[in-house]
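Just so it is clear: chains get the letters A, B, ... in the order the sequence lines come, proteins before strands, and each one is counted from 1.
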Amino acid sequence: MRWLKITLHEHDVLVVGSGLAGLRVAIQLAKDFDVAILTKVHPLRSHSVAAQGGINASLGTGDSWEQHAFDTVKGSDYLADQDVVEILAKEAPRAIIENERWGTAFSRTEDGKIAQRPFGGAMFPRTCYAADRTGHNLLHTTFEQALRVGVKFYNEWFVTSLVRDGDHVCGLTAFDISTGDVHSFAGKAVVIATGGFGRVYSHSTNAVINTGDGCALAFRIGAPLKDMEFIQFHPTTLFGSSILMSEGARGEGGYLVNALGERFMDKYAPEKMELAPRDIVARAIKTEINEGRGIDDQYIHLDLRHLGKDKILERLPGIREISIYFAGVDPIDEPIPIRPGQHYSMGGIHCDKNGMTPIEGLYAVGEAACMSVHGANRLGGNSLLETLVFGRIVGQRIAEYLPNAQRPSSTCVEDEAFKIRHKLQEWLLKDKGENPSEIREVMGETMDRLVGVFRKESDLKAALTMIRELKERFKNVFAGHSDKRFNYSLIRILELENMLDLAESIAMGALMRRESRGAHWRLDYPERDDENFLKHSLFTKVEDYVKTEIIPVNLGMFDVKERTY
Amino acid sequence: MKLRVARSREGGEITHYDLYKIETKKGMTVLDALFQIQDKMDPSLSFRYSCRGAVCGSCSMLINKEPRLACRTQLSEVQKEDMKLKIFPTLSDIPQGWNPEQEILIEPLPNMPILKDLVVDMSRFYDALVSMELWVDSIEGDEYHLQSIEERKKIERYVNCILCAICYGSCPVNAINQEYIGPAALAKAFRFSEDSRVTNSSRYIEAAKSAKGAPLCDLIMNCVKSCPKGVGPGGAIRQIKSR
Ligand SMILES: Cc1cc2nc3c(=O)[nH]c(=O)nc-3n(C[C@H](O)[C@H](O)[C@H](O)COP(=O)(O)OP(=O)(O)OC[C@H]3O[C@@H](n4cnc5c(N)ncnc54)[C@H](O)[C@@H]3O)c2cc1C
Ligand code: SF4
Ligand code: FES
């Protein structure tokens, strides 16, 4: 039986994920060490490719890293760790210069410099961009360089578990999508760079593959998750597919209109109207829908018609293209249906500024990590930056660690592969049980409705009960009759298992945090409460329950103030 | 609305077609329909996906005999569209029983070995990136290069390539000659040679002019017609040929 054949691989460093963060770590290490990347999709299909707006760095005359750091800390509602923010802001120009020298085609100013645009929450136009395709440009360039330095790739391999031996990590198991076989990988260091977990919500701007696998796998071997309750919602995502509709549409003068045909922003932000900060607009739209003034009770309209055909064609071709291709609506003739949706995961694997987790040899970086550089609210343009700056730093740290690391035992990873194979086989051999897509839909809908833009105790308790019920139902999940090779249904079940764990910790965190801070808005506790909650939340799996605790924030450079704009 | 989907359990060739009845809603794409099949009707159907927003290049396939991104193709629009491609056998061979009035035909992207159902083996397409060394031979430095708006404009359309391989799947030369490295890799080589910041630009043109490259192109221009991102590799190849 081929199913029984387990193959063992060995590398110094195993990087899980080939988005910007994973690639950058691997590039740092490839010259001196044996480093391999495992990724569930080809590297160019990673979600980093979808980032539009840009990447921050204080390159402009008159700007400074200190100002960048301050904007970041203030934007984070003072929950970011200031020592980490300092590194982010100081290293930013270096990261941009490096990527530009690798070939990224940044947009330019009249005098040939890298163009920078203003972004929400920043006091200076410091967001470098490559048209509205910044992530695409950075990812393709960084991947080219990874090929140049000869990084070893396992493309279309789904990592199924991490393996721990006492206080250190010794490797992982992974499922070769093309064959359906489970292999074991021994490594001295493992890096989690698996990105965000937006798909825990059903309305998310994230790629379908953003299921937070790495966070859940690390959690399962005892690495704590941090600040999971902080989820950023974007006010304008396309109804139906939830594809991001950038702020540009409102910047050019688009109106937000409810079912009664009213431009309702005057009730919420009479001065700034549609151009108020993201969280305010998201809450306004949500209120209109909740109070029955949404269209079909589900969405509101982004109306561009008054801008006229010429302006739409000239300034907003991207928005128009997305509306036509993804909603069948031409904004020249019809208003665009939009609603708020999940956009970014501020929380993630608890680690320090070098990506080190409490488990020796286990590192985290990128959106999967929580160092914490974004605190309670991420500023646009800082997350791409985080991947490149900390990708390099984590690589450097691992290079220091490797010479003294012990060689992992291969038996521990082989035993684990045996267990995973057994688990998958059980799912596949069943002939009836719970339908995974139904569990996925209920989970997403529950998170949207009860752990969304507005939160309150009764909702959060109901959500937690529902998620735990779904976890019970999941135990009896039925994989359906499928084939061994390219079994994406099975992949989606593994992802669902991961998301259920993350959904639970998000709801727990939201319930525990009895204050409103950054992206976390509690109707029953509308004030920020620094005395009790200027703290990170931590979630650790202990046998069959989740232990929660709070730990201090690293302050220092900037005093904690009220966040007003 | 029905979808007639090519199936290939073991890979190699299409063994049969399965017919699925889709519950449609406004704005629904071919990719949405495939997920509906996988979720509600047939978990064994394999296809690639990631961003569902036409930026990652995962979901290229043949839809009603035209190579397209499934996530950017509205079910309601499929029947209206026509790329006017020059035909080769994979595009002209109509499977038995297909009723184009009522069914959308879904097949794997042509010109690459089928691995399973709609999943094809893209190694030949990706290998060109390495064999032609399609990257900047970067030199360390403390400052970024200046580049004028006009200089950047020269490479912009090529930089927009998402490496979805639709051009490769639409090309009649790729259909008959496995050696041909295909339009996207040539356009990418041209992108580096045209970049004002690149100092050794001739190496990219030389790579593009190798025996398996530009000389094999017959300037049929299916790549220009089918590219979902307006890259137009054919124009780049024409220029490479003239150098
Ligand atoms: C629509 C949109 C627009 C954005 N725009 C901006 C912007 O303008 N500026 C900005 O700064 N940020 C932006 N962001 C955020 C930013 O894009 C992300 O935070 C960042 O790209 C994350 O990079 P990453 O390397 O951490 O993860 P990703 O790029 O998501 O990569 C994750 C990798 O992990 C792999 N992986 C996951 N699970 C597994 C598994 N089980 N086994 C094997 N491999 C696995 C995947 O294959 C993938 O390669 C945007 C986000 C969205 C959704
Ligand atoms: S040139 Fe166009 S069709 Fe070809 S790979 Fe690039 S984006 Fe796809
Ligand atoms: S799923 Fe990314 S291009 Fe279609």
Side-chain angles (χ1 to χ4, degrees), chain A residues 41-42 44-47 49-50 96-97 100-103 105-114 130-131 133 135-137 140-141 144-145 147-148 178 207-209 238-241 243-244 321-322 324-329 435-437 440 479-483 485-490 492, chain B residues 9 11 25-29 32 38-40 42-44 46-58 72-74 76-77 115-117 119 122 126 129-130 133-149 151-152 155-156 159-163 192 195 197-198:
Chain A
V41 294
H42 182 276
L44 294 176
R45 322 302 172 200
S46 304
H47 186 61
V49 84
I96 304 296
I97 291 166
E100 195 279 343
R101 293 189 69 90
W102 285 348
F106 284 107
S107 294
R108 300 289 168 154
T109 62
E110 290 294 338
D111 47 6
K113 292 190 178 147
I114 293 178
R133 304 186 179 91
H136 161 86
N137 278 275
H140 280 245
T141 301
E144 287 156 15
Q145 293 299 311
L147 291 180
R148 183 177 69 86
S178 72
V208 182
I209 64 165
L238 195 62
F239 179 69
S241 57
I243 294 174
L244 182 69
E321 199 185 306
I322 295 174
I324 292 177
Y325 285 121
F326 297 97
V329 164
N435 179 339
S437 72
R440 183 176 355 104
H481 299 289
S482 193
D483 301 317
R485 298 171 57 245
F486 294 98
N487 189 342
Y488 286 103
S489 297
L490 186 60
R492 298 198 86 195
Chain B
R9 195 162 179 225
K25 21 179 223 203
K26 187 172 157 73
M28 195 169 186
T29 65
D32 293 332
Q38 198 184 61
D39 279 350
K40 315 270 184 225
D42 186 349
S44 75
S46 306
F47 54 93
R48 288 194 178 104
Y49 56 86
S50 170
C51 72
R52 66 76 177 85
V55 286
C56 79
S58 296
R72 208 187 72 163
T73 306
Q74 295 271 309
S76 57
E77 296 296 312
L115 291 174
K116 179 168 190 292
D117 301 338
V119 178
M122 294 177 62
Y126 292 134
L129 304 177
V130 178
E133 306 191 356
L134 295 179
W135 50 68
V136 168
D137 303 311
S138 81
I139 317 150
E140 304 275 316
D142 297 333
E143 276 171 40
Y144 67 77
H145 305 90
L146 296 178
Q147 183 171 50
S148 73
I149 292 172
E151 283 167 342
R152 180 182 185 274
I155 58 169
E156 176 159 24
V159 163
N160 287 343
C161 170
I162 60 173
L163 291 175
F192 288 112
D195 192 326
R197 302 167 296 171
V198 169

Undergrad: Measure distances from B/Met122 to the heavy atoms of chain A and classify the residue's part below 4.5 Å as side chain, backbone, both or neither.
TA: side chain

Undergrad: Heavy atoms only, distances under 4.5 angstrom: which of B/Ser76, B/Gly11, B/Ala54, B/Ser58 has the most pairs with chain A? Name it, please.
TA: B/Ser58

Undergrad: For a quick test of reading the model, state the closest non-hydrogen atom pair linking A/Arg45 to B/Ile162 and the distance between them.
TA: NH1-O, 3.1 Å

Undergrad: Looking at B/Leu146, B/Asp42, B/Asp32, which has the largest count of heavy-atom pairs under 4.5 Å with chain A?
TA: B/Leu146

Undergrad: From A/Asp483 CG over to B/Ser44 OG, what is the distance, rounded to the nearest 0.5 angstrom?
TA: 5.0 Å

Undergrad: Rounded to the nearest 0.5 Å, what's the gap from NZ on B/Lys26 to CZ on A/Phe239? Could you check?
TA: 11.0 Å

Undergrad: Grab the two heavy atoms, one from B/Ile155 and one from A/Ala105, that are nearest each other, plus how far apart they are.
TA: CD1-CB, 4.1 Å

Undergrad: With distance as the sole test, does A/Arg485 use its side chain to make a donor-acceptor pair with the main-chain N or O of B/Arg9 at under 3.5 Å?
TA: yes

Undergrad: Identify which part of B/Arg52 has an atom lying under 4.5 Å from any heavy atom of chain A, answering side chain, backbone, both or neither.
TA: both

Undergrad: Less than 4.5 Å to any heavy atom of chain B: does that hold for the side chain of A/His136, its backbone, both, or neither?
TA: side chain

Undergrad: Any non-hydrogen side-chain atom of B/Val55 less than 4.5 Å from a side-chain atom of A/Arg133?
TA: no

Undergrad: Heavy-atom pairs under 4.5 Å with chain A are the metric here; pick the option from B/Leu134, B/Asp195, B/Asn160 that has the most.
TA: B/Asn160

Undergrad: In terms of heavy-atom pairs under 4.5 Å with chain B, which of A/Leu44, A/Thr141, A/Val208, A/Val49 leads?
TA: A/Val208

Undergrad: Considering only heavy atoms, which portion of B/Asp117 lies under 4.5 Å from any heavy atom of chain A: side chain, backbone, both, or neither?
TA: neither

Undergrad: Sort out for me which of A/Glu110, A/Glu321, A/His42, A/His47 touches chain B most, counting heavy-atom pairs under 4.5 Å.
TA: A/His42

Undergrad: Keeping A/Gln145 on the side-chain end and B/Trp135 on the backbone end, is there a donor-acceptor pair under 3.5 Å?
TA: no

Undergrad: Nearest heavy-atom pair of B/Thr29 and A/Phe326: which atoms, and what distance?
TA: CG2-CD2, 4.4 Å

Undergrad: Does any part of the side chain of B/His145, heavy atoms only, come nearer than 4.5 Å to the side chain of A/Arg101, both counted from C-beta?
TA: yes

Undergrad: Output yes when a side-chain donor or acceptor of B/Tyr144 lies under 3.5 Å from a complementary backbone atom of A/Ile114, and no otherwise.
TA: yes

Undergrad: Side chain, backbone, both or neither: which part of A/Asp111 has a heavy atom under 4.5 Å from chain B?
TA: backbone

Undergrad: Which bit of B/Lys40 comes within less than 4.5 Å of chain A, counting heavy atoms only: side chain, backbone, both or neither?
TA: side chain

Undergrad: Measure distances from A/Ser178 to the heavy atoms of chain B and classify the residue's part below 4.5 Å as side chain, backbone, both or neither.
TA: neither

Undergrad: Side chain, backbone, both or neither: which part of B/Phe192 has a heavy atom under 4.5 Å from chain A?
TA: side chain

Undergrad: If I measure from the heavy atoms of chain A, does B/Gln147 come under 4.5 Å with its side chain, its backbone, both, or neither?
TA: both

Undergrad: Of all the heavy-atom pairs spanning A/Ile97 and B/Asp142, show the shortest one and how long it is.
TA: CD1-O, 3.5 Å

Undergrad: Looking at every non-hydrogen atom in both residues, tell me the closest pair between B/Val159 and A/Asn137 and how far apart they are.
TA: CG1-OD1, 2.7 Å

Undergrad: Is a donor on one side and an acceptor on the other found under 3.5 Å between the side chain of B/Arg152 and the backbone of A/Phe106?
TA: yes

Undergrad: Name the option with the most non-hydrogen atom pairs under 4.5 Å to chain A; the candidates are B/Lys25, B/Arg72, B/Gln74.
TA: B/Arg72

Undergrad: Under 4.5 Å from any heavy atom of chain A, what part of B/Glu156 do you find: side chain, backbone, both or neither?
TA: side chain

Undergrad: State, with a plain yes or no, whether a side-chain heavy atom of B/Leu163 is found less than 4.5 Å away from one of A/His140.
TA: yes

Undergrad: Taking C-beta and beyond as the side chain, do B/Gln38 and A/Ser489 meet within less than 4.5 Å on heavy atoms?
TA: yes

Undergrad: Is there a donor-acceptor pair closer than 3.5 Å between any side-chain N or O of B/Arg197 and the backbone N or O of A/Gly103?
TA: yes

Undergrad: If you compare all heavy atoms of A/Arg440 against all heavy atoms of B/Asp39, which two are closest, and at what distance to 0.1 Å?
TA: NH2-OD1, 3.3 Å

Undergrad: Could you check if a side-chain atom of B/Tyr49 sits within less than 4.5 angstrom of a side-chain atom of A/Val41, using non-hydrogen atoms only?
TA: no

Undergrad: Does A/Tyr325 reach the side chain of B/Glu77, with side-chain heavy atoms less than 4.5 Å apart?
TA: no

Undergrad: Of the backbone (N, CA, C, O) and the side chain (C-beta and beyond), which part of A/Ala479 lies under 4.5 Å from a heavy atom of chain B, both, or neither?
TA: backbone

Undergrad: Identify which of B/Asp137, B/Leu115, B/Val198, B/Thr73 forms the greatest number of heavy-atom pairs closer than 4.5 Å to chain A.
TA: B/Leu115

Undergrad: With only heavy atoms counted, which part of A/Ala327 is less than 4.5 Å from chain B, the side chain, the backbone, both or neither?
TA: backbone

